[in-house]
Amino acid sequence: MRFSCKIFLKKETLMPKDYRRYLISLVKEAIKKSGSDGEQFYNKYYSSNIPKPFTFSAYFPSKSDNSKNMIGENYFNFYFSSNNYEFLMRVYNGLNYIKNEKFILFNTEIEDIKNFNLLPEKRFDKNEITFKTLSPFLVRSIKNGDNYVYPSNLNIKLNKGEDKKKEFKYWEEVSLEDFKNNLLNSINSLILKEIPEIKEKVESIEISDQSIVVPISHGSSNINHKYFMTFPGIKGQLKIKANPEILKLFYDLGIGARRSEGFGMLEVI
């Protein structure tokens with residue numbers, strides 16, 4: 001289940017590299033404002049470290065000026081996906097509430113949120129689907145949960161002056177086969193949690209050679225905990241062969257690590 005909307009800001013608002021962190025705050029506030037029991041619903045999911053049943057992505061009309069990235073228009077498109085109808089409707093309703101309040105996003109006030117669109121449900125009746133990434137996905141290392149793996153056969157899109165050996169200490173380069181094994185471990189854990197009655201696992205995964213590794217800045221900062229990291233995000237196409245119900249799960253919740261932080265959202269080609 002998915003919806004989209006347009007979020008309006010001052011034109012040419014500076015877009016921070018870790019913009020997903022700001023969007024997570026927006027989603028959290030939407031949950032809290034989703035009804036009289038919004039705070040209670042929020043605490044149910046965020047009072048402990050449990051997986052959240054959603055993923056999201058954003059499309060920004062971008063503009064660059066003296067190496068600063070700005071939103072080129074006075075809006076950007078926001079996409080939200082979940083397999084939990086109540087969760088999706090709470091974020092939908094909460095955003096409708098927030099648009100009438102003063103909410104600061106990317107260090108500027110949201111001017112409006114509109115053009116809400118509940119997207120039609122897709123039918124999954126085949127056991128093989130080619131997906132493209134709407135937001136890059138992350139794969140956590142099985143051996144060391146602090147590291148994120150990427151396949152050695154893919155090109156890395158570095159910005160000028162970046163050096164992955166010096167700056168990206170949580171990156172771990174592995175063979176394509178090891179990368180698939182780490183990814184399979186992640187998505188099979190998701191299947192076991194969400195649809196345990198299905199005994200079949202993913203049959204195969206193919207990653208397009210045209211896919212790339214994209215450095216992604218992400219983190220959080222508060223009084224008790226501060227951290228900022230750069231992750232190796234995988235952006236491109238992948239073909240997955242599995243039960244149609246499993247493929248639908250990936251469509252609703254995404255794949256890989258940190259899905260509820262704006263990673264791993266897929267679209268069907």
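The basis for the numbers below is simple: all heavy atoms, side chains too, and nothing from hydrogens, waters or symmetry mates.
- Nearest heavy atoms, Val268 versus Ile129: CG1-CG2, 4.0 Å.
- Residues Glu261 and Arg20 form no side-chain contact, since every pair of their non-hydrogen atoms from C-beta on lies 4.5 Å or further apart.
- The salt bridge (Lys or Arg N to Asp or Glu O under 4.0 Å) pairs that include a residue from residues 129-144 number zero, where partners must be two or more places apart or lie in different chains.
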Test side-chain contact (heavy atoms from CB on, under 4.5 Å) applied to Thr130 and Gln237, step by step: CA-CA 7 Å; Thr130 299; Gln237 295 183 10; 4.1 Å; yes
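- Both Ile31 and Phe116 are part of a single hydrophobic cluster, where members link through side-chain heavy atoms under 4.5 Å apart.
- Residue Pro151 comes nearest to Ile234 through the heavy atom pair CD-CD1, 4.0 Å, listed as atom of the first residue, atom of the second, then distance.
- Around the CD atom of Gln210, the shell of radius 6.0 Å holds no more than 12 heavy atoms that belong to other residues, nucleotides or ligands.
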Which pairs of donor and acceptor atoms, one on a side chain in residues 239-255, lie under 3.5 Å apart (sequence neighbours left out)?
residue: Asn243; atom: OD1; partner: Glu245; partner atom: N; Å: 2.7
residue: Lys248; atom: NZ; partner: Glu121; partner atom: OE1; Å: 3.3
residue: Lys248; atom: NZ; partner: Asp252; partner atom: OD1; Å: 3.1
residue: Lys248; atom: NZ; partner: Asp252; partner atom: OD2; Å: 2.6
residue: Asp252; atom: OD1; partner: Met1; partner atom: N; Å: 2.7

List the steps, then state whether ring-ring contact (aromatic ring centres under 6.0 Å, His included) holds for Phe179 with Tyr150. CA-CA 6 Å; Phe179 178 81; Tyr150 65 96; 8.5 Å; no
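- The CG atom of Asn100 sits 12.0 Å away from the NZ atom of Lys33 when rounded to the nearest 0.5 Å.
- Here Leu138 contributes atom CG and Phe231 contributes atom CZ; the two are 6.0 Å apart, rounded to the nearest 0.5 Å.
- The distance from the OG1 atom of Thr230 to the NZ atom of Lys169 is 10.5 Å, given to the nearest 0.5 Å.
- A distance-only check finds no donor-acceptor pair linking the side chain of Thr133 to the backbone of Ser135 [under 3.5 Å].
- The only member of Phe103, Phe78, Phe106, Phe56 that meets ring-ring contact (aromatic ring centres under 6.0 Å, His included) when paired with Tyr22 is Phe106.
- Considering only heavy atoms from C-beta on, Pro136 comes within 4.5 Å of Ile216 through its side chain.
- Taking the centre of each ring, Tyr148 and Trp171 stay at or above the 6.0 Å mark.
- In plain terms, the two heavy atoms of Ser211 and Ile207 that are nearest each other are OG-CG2, 3.9 Å.
- For Asp37, the side-chain hydrogen bond (donor to acceptor under 3.5 Å, both in side chains) test picks out Arg90, with sequence neighbours left out.
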Start with the C-alpha distance between Ile98 and Glu29, add both sets of side-chain angles, then the distance that settles side-chain contact (heavy atoms from CB on, under 4.5 Å), and finish with yes or no. CA-CA 8 Å; Ile98 286 174; Glu29 187 66 14; 3.7 Å; yes
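- Residue Met89 is grouped with residue Ile113 when hydrophobic side chains (ILVMFWY) are merged at heavy-atom distances under 4.5 angstrom, including chains of intermediate members.
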For Asn84 and Tyr45: C-alpha separation, side-chain torsions, deciding distance, then whether side-chain contact (heavy atoms from CB on, under 4.5 Å) applies. CA-CA 13 Å; Asn84 183 312; Tyr45 283 95; 3.5 Å; yes
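- Using a cutoff of 4.0 Å between basic side-chain nitrogens and carboxylate oxygens, Glu267 and Arg2 are scored as salt-bridged.
- Atoms CD and CG, from Glu177 and Asn181 in turn, are 5.5 Å apart once rounded to the nearest 0.5 Å.
- Put simply, CG on Leu26 and CG on Leu105 are 6.0 Å apart, with the number rounded to the nearest 0.5 Å.
- A distance-only check finds no donor-acceptor pair linking the side chain of Thr55 to the backbone of Gly262 [under 3.5 Å].
- Partners of Glu128 by salt bridge (Lys or Arg N to Asp or Glu O under 4.0 Å), not counting sequence neighbours: none found.
- With ring centers used as reference points, Phe41 lies under 6.0 Å from Phe87.
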Begin from the C-alpha positions of Tyr19 and Phe60 and carry the test ring-ring contact (aromatic ring centres under 6.0 Å, His included) through to its verdict. CA-CA 11 Å; Tyr19 69 85; Phe60 298 92; 4.9 Å; yes
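- Pairing each heavy atom of Leu95 with each of Cys5, the nearest pair is CD1-SG, 4.2 Å.
- Aromatic rings of Phe137 and Phe263 (six-membered ring for Trp) have centroids beyond the 6.0 Å cut-off, not under it.
- Judged by distance alone, the side chain of Lys52 and the main-chain N or O of Ile50 form a donor-acceptor pair under 3.5 Å.
- Put simply, Ile71 and Leu14 are part of two different groups of oily side chains (I, L, V, M, F, W, Y) that touch within less than 4.5 Å, one to the next.
- Taking the six-membered ring wherever Trp is involved, the centroid distance between the rings of Phe8 and Tyr75 falls below 6.0 Å.
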Identify every side-chain donor-acceptor pair in residues 185-203 under 3.5 Å, counting partners at least two apart or on other chains, and give the distances.
residue: Asn188; atom: ND2; partner: Leu184; partner atom: O; Å: 3.2
residue: Ser189; atom: OG; partner: Asn185; partner atom: O; Å: 2.9
residue: Glu194; atom: OE1; partner: Asn83; partner atom: ND2; Å: 3.1

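- Distance check, rounded to the nearest 0.5 Å: CG of Leu238 to CG of Leu266 gives 6.0 Å.
- Grouped with Tyr79 in one hydrophobic cluster are Tyr59, Leu134, Met265, the linkage being side-chain heavy-atom contacts under 4.5 Å among Ile, Leu, Val, Met, Phe, Trp and Tyr residues.
- Proximity of a side-chain donor or acceptor of Lys10 to a complementary backbone N or O of Glu109 within less than 3.5 Å is not detected.
- Put simply, the side chain of Asn117 never gets that close to the backbone of Leu119: no donor and acceptor are under 3.5 Å apart.
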